[in-house]
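Labels below follow one simple rule: chain letters A, B, ... track the order of the sequence lines, proteins then strands, and each chain is numbered from 1.
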Amino acid sequence: MIVMLKYTYRVQSVQKAGNHPAENEDAYLTPASHKYDQSDNILRFALADGATEGSFSKEWAEIVVQGFETLAFGPFSLAATVASMAEDWRQAVQHKPLPWYAAEKLSAGAFATFVGLGIDLQNGMFQAIAIGDTVLFNIRRDQLISSFPITDPTEFSNTPSLISTKPEYTAQPPGGGSYLSGDIQPGDILLLATDALAHFILMETHKNGKSKVWKHLQKMLYTRDDAAFKTWVEARRRKNQMKNDDTTLIMINF
Amino acid sequence: MAYTAEISRTNPSCFLFIIDQSSSMADRYRDIRRPKADPVADVINRMLQQLVIKCAKSEGIRDYYYVGVLGYHEHSVNSALKGILAGKEFLPISEVAAAPLRMEERVRRLPDGAGGLVEMPVKFPVWLDPVADGGTPMVAAFTKANQLIEKWLRSHPNSFPPVVIHITDGESTDGPPSRQMQLLTEQRSSDGSVLLFNLHTHTGNIESLSFSGSNSNLRDPYAKLLFDNASELPEFMLNVAEREFELKLPQGARAFVLNGSIDLIITAIEIGTRPRLQLK
């Protein structure tokens with residue numbers, strides 16, 4: 001008899017302090033936000049962080065995470081997939097005459113960092129692709145067993161690898177896009193976090209090997225209201241423990 | 001730590017360009033054979049364009065920066081912007097974006113993908129036209145700059161410190177400007193002192209000196225004055241110089257160019273106008 005892994009998940013996203021919620025340029029894909037395809041039994045999550053320096057970055061981040069639902073992101077298909085998504089982005093943003101600066105900015109393209117995660121519930125496996133500094137954490141028996149693609153808080157910089165509407169700027173494997181696969185056991189936690197929170201989590205675990213920051217996050221996401229995460233993030237920002245940036249967390253519990 | 005304040009719409013920063021528009025700016029650069037005032041105006045126009053584009057988002061322009069452009073020439077120190085921006089001092093970048101004097105069509109050479117270059121027409125917004133007229137009232141220019149910056153800092157006490165970029169080709173004709181330059185770099189926000197770039201340009205055939213850490217090579221008292229009053233480049237600008245221009249500058253390097261070609265002036269301005277942090 002095949003035993004399917006059971007799972008639950010929660011998502012929270014808080015815009016940068018000083019910005020309107022609509023200006024949050026993080027975008028995510030969860031099984032609730034797309035039609036779960038029973039045929040391949042793959043559960044898909046994705047998280048992208050649109051780069052503020054670009055314009056129409058939110059639109060790009062959204063297209064990338066939605067693209068992860070149906071398009072191929074393997075090392076041999078990535079370039080074609082990005083080209084096709086970039087075309088969708090151009091169609092989406094070039095619908096009206098733009099002032100000179102917007103047209104110029106558009107020609108510079110849009111950028112995002114990205115993690116896509118496919119989970120095979122039947123076989124207890126996952127596969128992930130990452131470009132840049134949006135991070136996937138795997139926690140087992142209350143220990144952080146992997147963080148991908150960044151493992152050390154010093155690896156965060158102002159110039160992460162990016163997925164871009166301009167093919168020449170998209171980091172190609174093996175340098176920029178990287179892949180990870182692994183098994184999942186009941187009790188495991190997978191976290192996807194954009195850079196500000198990912199950096200905080202890695203700082204906490206590096207500073208204190210016994211840190212169980214995910215326990216705190218889990219309690220907050222599952223037992224408290226939506227405002228709790230926002231309040232917690234704002235407090236970390238005030239104490240300069242977390243960069244003031246759009247901050248998104250997807251927590252998946254098995 | 002200084003120079004770490006976040007630049008945002010609620011806590012914007014500012015750039016002030018101070019442009020020498022005296023008659024010697026009509027002398028031609030030997031390499032490009034154009035009067036100095038022409039490419040200097042082009043450079044300022046391009047910098048304004050870049051700042052606007054940096055602040056452009058899908059919904060419009062975000063006012064991360066305020067910008068002022070002072071021109072000084074015979075008997076006058078005024079905003080060098082024209083059209084409906086004429087006479088305005090500091091302007092939010094969105095107002096700059098909305099009101100170029102005119103849009104010109106220029107040609108940009110881009111790689112054609114086969115090792116050559118292809119010419120592409122591009123839109124070039126113009127806010128500032130070249131001027132070359134009379135004396136060099138540098139003291140008056142810096143007195144005015146001090147007033148503008150003081151006013152700005154009163155309403156933005158915690159901002160990323162103002163960056164002031166001064167481009168000149170000659171000596172002051174209304175007395176030594178050291179005191180006014182000193183007063184300027186003594187002004188500060190809670191995040192650090194005003195950063196002054198003293199960029200001296202020359203028509204050519206003379207050795208240039210840039211970003212040095214010491215004035216010991218400078219014989220000319222006027223060159224010394226420009227050096228001594230230029231700010232030390234903060235750490236993040238040293239990093240920009242190294243990362244983007246392959247210039248490994250020493251600690252203590254000054255925001256200073258002497259006898260610079262127009263290319264050197266552009267590099268210096270680029271180093272001074274890249275934000276330390278990603279704009280959020």
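Contact of the B:Pro125 side chain with the A:Tyr101 side chain is not registered, since no non-hydrogen atoms from C-beta on lie closer than 4.5 Å. Looking at heavy atoms from C-beta onward, A:Asn19 lies in side-chain contact with B:Arg62 at the 4.5 angstrom threshold. Residues B:Ser58 and A:Lys58 are not in side-chain contact: their nearest non-hydrogen atoms beyond the backbone lie 4.5 Å or more apart.
Between the side chain of B:Lys54 and the main chain of A:Gly54, no donor-acceptor pair closer than 3.5 Å is present. In terms of modelled atom types and a separation under 3.5 Å, the side chain of B:Lys57 and the main chain of A:Ser55 share no donor-acceptor contact. Looking only at distances, a side-chain donor or acceptor of A:Trp100 sits under 3.5 Å from a matching main-chain atom of B:Ala97.
Here the closest heavy-atom approach between residue B:Ser8 and residue A:Lys16 is recorded as CB-NZ, 4.0 Å.
Residue-environment remark: CE (A:Met220) exceeds the threshold of 12 foreign heavy atoms within 6.0 Å. Few gaps surround CE on B:Met103; more than 12 heavy atoms of other groups in view lie less than 6.0 Å from it. Within a 6.0 Å radius of CD in B:Gln251, other residues, nucleotides and ligands contribute 12 heavy atoms or fewer. Environment of NZ in A:Lys166: crowded, with over 12 heavy atoms of neighbouring residues, nucleotides or ligands closer than 6.0 Å.
Only the side chain of B:Glu59 has a heavy atom closer than 4.5 Å to any heavy atom of chain A.
Between A:Glu23 and B:Arg9, at least one side-chain nitrogen of the basic residue sits less than 4.0 Å from a carboxylate oxygen of the acidic one, meeting the salt-bridge criterion. We find that B:Arg108 and A:Glu104 are joined by a salt bridge, their nearest charged nitrogen and carboxylate oxygen being less than 4.0 Å apart. Taking the charged nitrogens against the carboxylate oxygens, A:Arg237 and B:Glu6 have no contact shorter than 4.0 Å, which rules out a salt bridge.
For the set B:Val52, B:Val122, B:Thr10, the entry with the most heavy-atom pairs within less than 4.5 Å of chain A is B:Val52.
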